[in-house]
Amino acid sequence: MMKRDQERQRSWAPASVLGATIVVFAFELLLTSAVAQTATSYAPVAIKDSFQDTMVRMAAAKKQVMQRATDLLNERYDLTDRPAKAVTMSRGKPVQSGVRVKLPSGVTWDALATMTAQEIRERDLFPRGFLPLPHPNHAEGGMVFPQHHIDEIKRQEARDLTRFDLDYDLPKHFLPDYPPAIYLTTRPDLGDVSQGKVVTIDNFYELFNGILNPKQIEGLRLLVTPFPQQQYNQTEDRRSARPHRGVTCLDCHVNGHTNAATHLVGDIRPQEFRHGLDTPTLRGVNIQRLFGSQRALKTVEDFTEFEQRAAYFDGDHVIAAKKGVNVLDRGSQVHFMAEMEELFDFPPAPKLDIFGKLRRDAATESELRGQDVFFSKGRCAECHPAPYYTDNLMHNLQTERFFRPQMVNGRMAVGDGPIKTFPLRGIKDSPPYLHDRRLLTLEDTVEFFNMITEVKLTEQEKKDVVAFLRCL
Ligand code: HEC
Ligand code: HEC
């Protein structure tokens with residue numbers, strides 16, 4: 001890309017001699033045709049390089065690719081391990097504390113909050129960490145799993161989710177509990193039924209026989225069954241060293257929750273405009289009405305069918321056919337899987353009453369003040385109403401008010417468009433935040449919405465809202 005830009009600049013240099021002009025003109029033609037060629041919605045079906053050559057080339061580039069990804073993270077965020085005191089996720093992993101998005105030099109959060117969006121945009125003061133976060137290798141994309149998940153699946157199933165071209169980028173302390181707890185809507189009396197295990201094809205039956213009905217067990221079996229996918233399949237066009245059986249739904253939505261595995265959204269072209277993604281938890285899909293950060297599919301059944309047929313193959317049904325897409329039967333398999341997904345409940349929130357509000361006798365002063373700010377001055381509840389803290393709608397946050405379009409590691413950062421209001425019940429269990437993982441802590445989300453909504457919260461009010469969010 002950079003080389004091409006330089007070449008284009010060179011071709012604009014004054015050419016006095018006719019011969020040189022013709023050469024330049026021919027060169028321009030070449031460039032235009034090269035550009036025209038890249039503007040396709042389709043991935044190549046016929047792969048010209050041998051698998052071995054591709055693997056050697058991409059494996060050799062891996063170190064540099066990961067260096068670029070971690071450099072970006074370090075430029076944007078404070079990545080140190082700073083757990084909050086006495087706040088943990090449901091199975092005990094410490095919650096990370098503090099604002100991690102770095103401020104542009106010479107300003108404070110308070111100073112930024114007093115500026116208009118236009119001023120921030122013109123002076124280029126929008127914190128980098130508030131911009132869309134690219135995929136670890138945006139030009140390449142695809143599913144990427146945290147190392148601890150790769151290790152566990154290798155241990156249990158001898159199925160290797162390593163990519164030869166790419167590793168996961170965020171440090172482990174910013175990721176959810178692993179393994180996460182499982183709460184069933186049908187058996188709240190049991191509490192966490194995970195027994196501290198990662199549910200796979202190896203153990204699902206012994207863990208759930210006698211707790212679920214047979215249809216649900218069959219749905220769970222399908223959720224832990226590997227199906228071919230863009231990077232993990234049996235063709236030469238893959239990113240695993242050996243031909244691969246594929247990935248399971250719970251490879252990302254581990255235990256019906258999430259391990260923060262990342263991907264690129266399938267819905268957008270060209271590649272640099274595609275959003276990076278965070279795997280959303282499946283906890284609480286039963287009370288939701290829209291699915292997918294952008295697609296807003298109307299049922300869990302639709303999404304279950306769509307994940308297989310479109311998201312697994314980047315929204316490209318041509319490539320899907322080549323790589324052996326597993327088409328699920330809507331009336332039986334999809335229905336069973338969706339029924340199982342609808343059983344994953346939010347984690348218990350002992351401080352909340354039946355209206356989803358704090359019990360006066362159980363909450364601290366700070367948490368109660370935070371609740372007041374959330375429902376009044378902060379205006380959070382206008383999009384995140386109790387009891388589940390979602391309005392089941394999409395909202396356009398118009399972040400483009402604050403920055404100019406810009407390329408970031410192969411991602412064209414522009415406004416996000418309408419995005420689903422993700423529920424905030426159980427939110428401390430599912431870092432990182434926003435649909436593309438761009439925020440690492442709840443403190444970051446409060447700073448982000450304070451700026452985006454221009455509500456001008458004080459330091460104390462922001463602290464209190466964080467305390468409240470941790471109760472949900
Ligand atoms: C890369 C790991 C990955 C795998 C494997 C995966 N998902 Fe997802 N899932 C995601 C991501 C990322 C999203 C968000 C997509 C978006 O925002 O467009 C998502 C969204 C969903 C949603 C909607 C959730 C919401 O809150 O809107 C459902 C339901 C879902 N997946 C079910 C499944 C099923 C069923 C399977 C197996 C067929 C599966 N997923 C496999 C990563 C994964
Ligand atoms: C205009 C509607 C709107 C308002 C007001 C709003 N939010 Fe949100 N919130 C959203 C949307 C939409 C998302 C999803 C954005 C994304 O993923 O890119 C979101 C996401 C979040 C998330 C991350 C959820 C996740 O799963 O990653 C948190 C935390 C959050 N909001 C807290 C707040 C707080 C605190 C306030 C008030 C200070 C607030 N929101 C005000 C619409 C809103």
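Read the numbers this way: they start at 1 and go in the same order the structure lists the ligands and their atoms. Numbers for residues simply follow the sequence, beginning at 1. No hydrogens, no waters, no symmetry mates; every other heavy atom, side chains included, goes into these values.
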A.B. asks: Which is it for Val265 and ligand 1 at heavy atoms under 4.0 Å: side chain, backbone, both or neither?
C.D. replies: side chain
A.B. asks: I need the atoms of ligand 2 closer than 4.0 Å to a non-hydrogen atom of Arg379, numbered in the order shown.
C.D. replies: 5 (C)
A.B. asks: Given a threshold of 2.8 Å, state how many protein N/O/S atoms are nearer than that to atom 8 (Fe) of ligand 2.
C.D. replies: 1
A.B. asks: Report yes or no: does a heavy atom of Asp278 sit under 4.0 Å from some atom of ligand 1?
C.D. replies: yes
A.B. asks: How far is atom 23 (C) of ligand 2 from its nearest protein heavy atom, and which residue and atom is that?
C.D. replies: Leu434 CD2, 3.9 Å
A.B. asks: When you compare the side chains of His253 and Thr258, does any donor N or O come within less than 3.5 Å of an acceptor on the partner?
C.D. replies: no
A.B. asks: If you measure from each non-hydrogen atom of Gln229 to ligand 1, which part falls under 4.0 Å: side chain, backbone, both or neither?
C.D. replies: neither
A.B. asks: What I want to know is whether His435 and ligand 2 share at least one N or O pair that is separated by under 3.5 angstrom.
C.D. replies: yes
A.B. asks: Just to be sure I read this right, does ligand 1 sit under 4.0 Å from the backbone of Leu277, its side chain, both, or neither, counting only heavy atoms?
C.D. replies: side chain
A.B. asks: Looking at ligand 1, does any of its N/O atoms fall within less than 3.5 Å of an N/O of Ser293?
C.D. replies: yes
A.B. asks: For the pair Asp167 and Lys62, find out whether any cationic side-chain nitrogen is under 4.0 Å from an anionic carboxylate oxygen.
C.D. replies: yes
A.B. asks: Tell me yes or no: between the side chains of Ser97 and Glu443, is some donor less than 3.5 Å from an acceptor?
C.D. replies: no
A.B. asks: Could you tell me whether the side chains of Asn233 and Thr235 share a donor-acceptor contact shorter than 3.5 Å?
C.D. replies: yes
A.B. asks: Can you confirm whether or not the ring centre of Phe145 sits under 6.0 Å from the ring centre of Tyr168?
C.D. replies: no
A.B. asks: Considering only heavy atoms of Phe291, which atoms of ligand 1 have at least one such atom less than 4.0 Å away?
C.D. replies: 23 (C), 27 (O)
A.B. asks: Can you list the atoms of ligand 2 that are under 4.0 Å from a heavy atom of Tyr433?
C.D. replies: 27 (O)
A.B. asks: Using a 4.0 Å heavy-atom cut-off, say whether Tyr312 meets ligand 1 through its side chain, its backbone, both or neither.
C.D. replies: side chain
A.B. asks: Examine ligand 1 and decide if any of its atoms is less than 4.0 Å from a heavy atom belonging to Thr248.
C.D. replies: yes
A.B. asks: Determine whether any heavy atom of Ser430 lies closer than 4.0 Å to an atom of ligand 2.
C.D. replies: no
A.B. asks: Protein N/O/S atoms under 2.8 Å of atom 8 (Fe) of ligand 1?
C.D. replies: His253 NE2, Glu307 OE2
A.B. asks: Per the side-chain hydrogen bond (donor to acceptor under 3.5 Å, both in side chains) rule, what does the pair list look like for residues 136-145, sequence neighbours excluded?
C.D. replies: Glu140-Arg239
A.B. asks: Any heavy-atom pair between the side chains of Pro127 and Leu112 that's under 4.5 Å?
C.D. replies: yes
A.B. asks: If you measure every N/O of Lys420 against every N/O of ligand 1, is any gap under 3.5 Å?
C.D. replies: yes
A.B. asks: Within ligand 1, which atoms have a heavy atom of Met143 less than 4.0 Å away?
C.D. replies: 1 (C), 4 (C), 5 (C)
A.B. asks: I'd like to know if Arg401 and Glu454 make a salt bridge, using a cut-off of under 4.0 Å between side-chain N and carboxylate O.
C.D. replies: yes
A.B. asks: Enumerate the side-chain hydrogen bond (donor to acceptor under 3.5 Å, both in side chains) contacts for residues 170-184, please, sequence neighbours excluded, ordered by first and then second residue.
C.D. replies: His149-Tyr178
A.B. asks: Can you label the angle between the His384 ring and the Phe449 ring as parallel, tilted or perpendicular, going by 30° and 60°?
C.D. replies: perpendicular
A.B. asks: With a 4.0 Å cut-off on heavy atoms, is Glu341 in contact with ligand 1?
C.D. replies: yes
A.B. asks: Aromatic rings Phe402 and Phe126: how do their planes relate, parallel, tilted or perpendicular, breaks at 30° and 60°?
C.D. replies: parallel
A.B. asks: Can you tell me if Ile427 contacts ligand 2 (heavy atom of the residue under 4.0 Å from the ligand)?
C.D. replies: yes
A.B. asks: Write out the residue and atom name of the closest protein heavy atom to atom 12 (C) of ligand 2, then the distance separating them to 0.1 Å.
C.D. replies: Ile419 O, 3.4 Å
A.B. asks: So, Gln271 versus Arg274: side-chain donor-acceptor pair below 3.5 Å or not?
C.D. replies: yes
A.B. asks: So is Glu382 close enough to ligand 2, meaning a heavy atom under 4.0 angstrom away?
C.D. replies: no
A.B. asks: Using a 4.0 Å cut-off to any heavy atom of Thr304, which atoms of ligand 1 qualify?
C.D. replies: 35 (C)
A.B. asks: Evaluate side-chain contact (heavy atoms from CB on, under 4.5 Å) for Gln234 paired with His244, printing each intermediate quantity in order.
C.D. replies: CA-CA 5 Å; Gln234 290 125 40; His244 208 282; 5.8 Å; no
A.B. asks: Are any of the side-chain nitrogens in Asp124 or Arg404 under 4.0 Å away from the carboxylate oxygens of its partner?
C.D. replies: no
A.B. asks: Has Phe273 got more than 12 heavy atoms of other residues, nucleotides or ligands less than 6.0 Å from its CZ?
C.D. replies: yes
A.B. asks: Start with the C-alpha gap between Thr248 and Thr225, add the side-chain angles, then the distance that decides, and say whether side-chain contact (heavy atoms from CB on, under 4.5 Å) holds.
C.D. replies: CA-CA 5 Å; Thr248 77; Thr225 299; 5.7 Å; no
A.B. asks: Evaluate Lys428 against Leu469 for side-chain contact (heavy atoms from CB on, under 4.5 Å), listing each step before the verdict.
C.D. replies: CA-CA 7 Å; Lys428 71 174 159 49; Leu469 291 173; over 6 Å; no
A.B. asks: Does NZ or CZ of Arg295 lie under 6.0 Å from the centre of the six-membered ring of Phe306, at an angle within 45° of the ring axis?
C.D. replies: yes
A.B. asks: Got a salt bridge between Asp316 and Lys322, using NZ or NE/NH1/NH2 to carboxylate O under 4.0 Å?
C.D. replies: no
